[in-house]
Amino acid sequence: MYENTAALGFDNNSAESVNQHRVLSEMLDAHTTSALAGTGVGQGWRCWDIGAGGGSISRWLAARGAEVLATDIKPQHVTGDFEIRQHNVREDPIPVAEFDLIHARLVLMHLPEREAVLRALTGALKPGGTLVLGEFLCPSDDLVRQAPDERSARLVRKFNAAMRVLVTAAGCDWSWAARVPEAMREAGLERVEVSEYREDVAGGSPAMLLNFTNSHQLGDQLVAVGEITQDELTALRPLLLDPRLVARSYLLLTTVGRRPAAETLTPSA
Ligand SMILES: C[S@@+](CC[C@H](N)C(=O)[O-])C[C@H]1O[C@@H](n2cnc3c(N)ncnc32)[C@H](O)[C@@H]1O
């Protein structure tokens with residue numbers, strides 16, 4: 001059993017993080033922006049994009065005419081004509097009743113105090129404001145659909161198993177995505193809705209390249225988990241570029257909740 005519960009090795013200081021942000025954007029932005037468009041966001045909305053990563057969603061919001069604040073614990077890859085700030089959502093002050101829309105994708109699932117953060121973000125919404133959280137749900141099923149041969153299929157399954165163990169050991173909550181609607185309602189949000197992104201993808205597609213970039217950025221930690229070797233990771237990478245490999249992508253659940261327009265909600269940290 002892998003006992004090291006140190007933080008997962010995603011780090012915006014690493015060169016690989018640029019690739020990670022690019023493939024996340026190519027894989028997920030069409031889904032995320034569709035959910036965001038459904039909120040009616042546009043001119044004059046004050047928006048906060050938390051854990052903005054490469055900033056693609058912040059730029060999309062700004063292009064709709066919104067007034068955007070983009071924050072990240074390491075915001076150096078965010079570019080755009082809007083306010084960009086270093087901010088740790090676990091520790092730094094969270095404003096009260098300031099935003100029409102708050103968005104965070106693949107951030108809270110990594111934070112041990114995710115429920116308290118959600119409550120604080122609820123308090124950061126203006127009455128009538130909207131919270132949008134996108135999170136991956138645990139891929140418990142076999143993701144491989146087709147592979148060039150059985151050895152290749154086994155390799156991909158080994159990688160997926162190692163990712164599950166590592167991400168869990170690092171304190172991520174893979175079940176959080178499914179609990180977000182309940183947590184939003186408990187925090188006082190209403191009209192909670194969920195939409196899903198998932199597709200079967202071939203080698204070389206953005207969702208497959210997410211595995212490719214993860215295999216680099218998390219390589220040493222994956223090997224430490226004990227379920228895959230460095231040689232197997234080396235053999236895996238060309239396979240992830242091979243269109244004969246077809247696999248299910250991760251499942252992203254995007255949950256939207258609204259703060260009641262007129263109410264006496266008391267934000268708690
Ligand atoms: C998996 S990336 C997702 C990036 C972007 N939201 C996306 O979906 O493309 C997670 C991002 O959250 C940031 N992050 C991690 N912990 C954070 C914290 N405590 N406060 C703010 N940002 C954080 C990371 O630096 C990284 O940019």
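Numbering of ligands and ligand atoms starts at 1, following listing order. As the structure is a prediction and not an experimental result, all values here were calculated from the model.
- Ring orientation note: the planes of His87 and Trp48 are nearly perpendicular, at an angle over 60° on the 30°/60° scale.
- Ring orientation note: the planes of Phe10 and His110 are nearly perpendicular, at an angle over 60° on the 30°/60° scale.
- Contact residues for ligand 1 (protein heavy atom closer than 4.0 angstrom to any ligand atom): Asn12, Gln20, His21, Leu24, Gly51, Ala52, Gly53, Asp72, Ile73, His87, Asn88, Val89, Arg90, Arg105, Leu106, Val107, Leu111.
- The local environment of CG in Asn13 is crowded, with over 12 non-hydrogen atoms from other residues, nucleotides or ligands closer than 6.0 Å.
- No hydrogens or angles considered: nothing links the side chains of Thr122 and Arg259 as a donor-acceptor pair under 3.5 Å.
- In this structure, Ser14 OG and Gln217 CD are separated by 3.5 Å, a value rounded to the nearest 0.5 Å.
- Atom OG of Ser25 sits about 13.0 Å away from atom CH2 of Trp60, to the nearest 0.5 Å.
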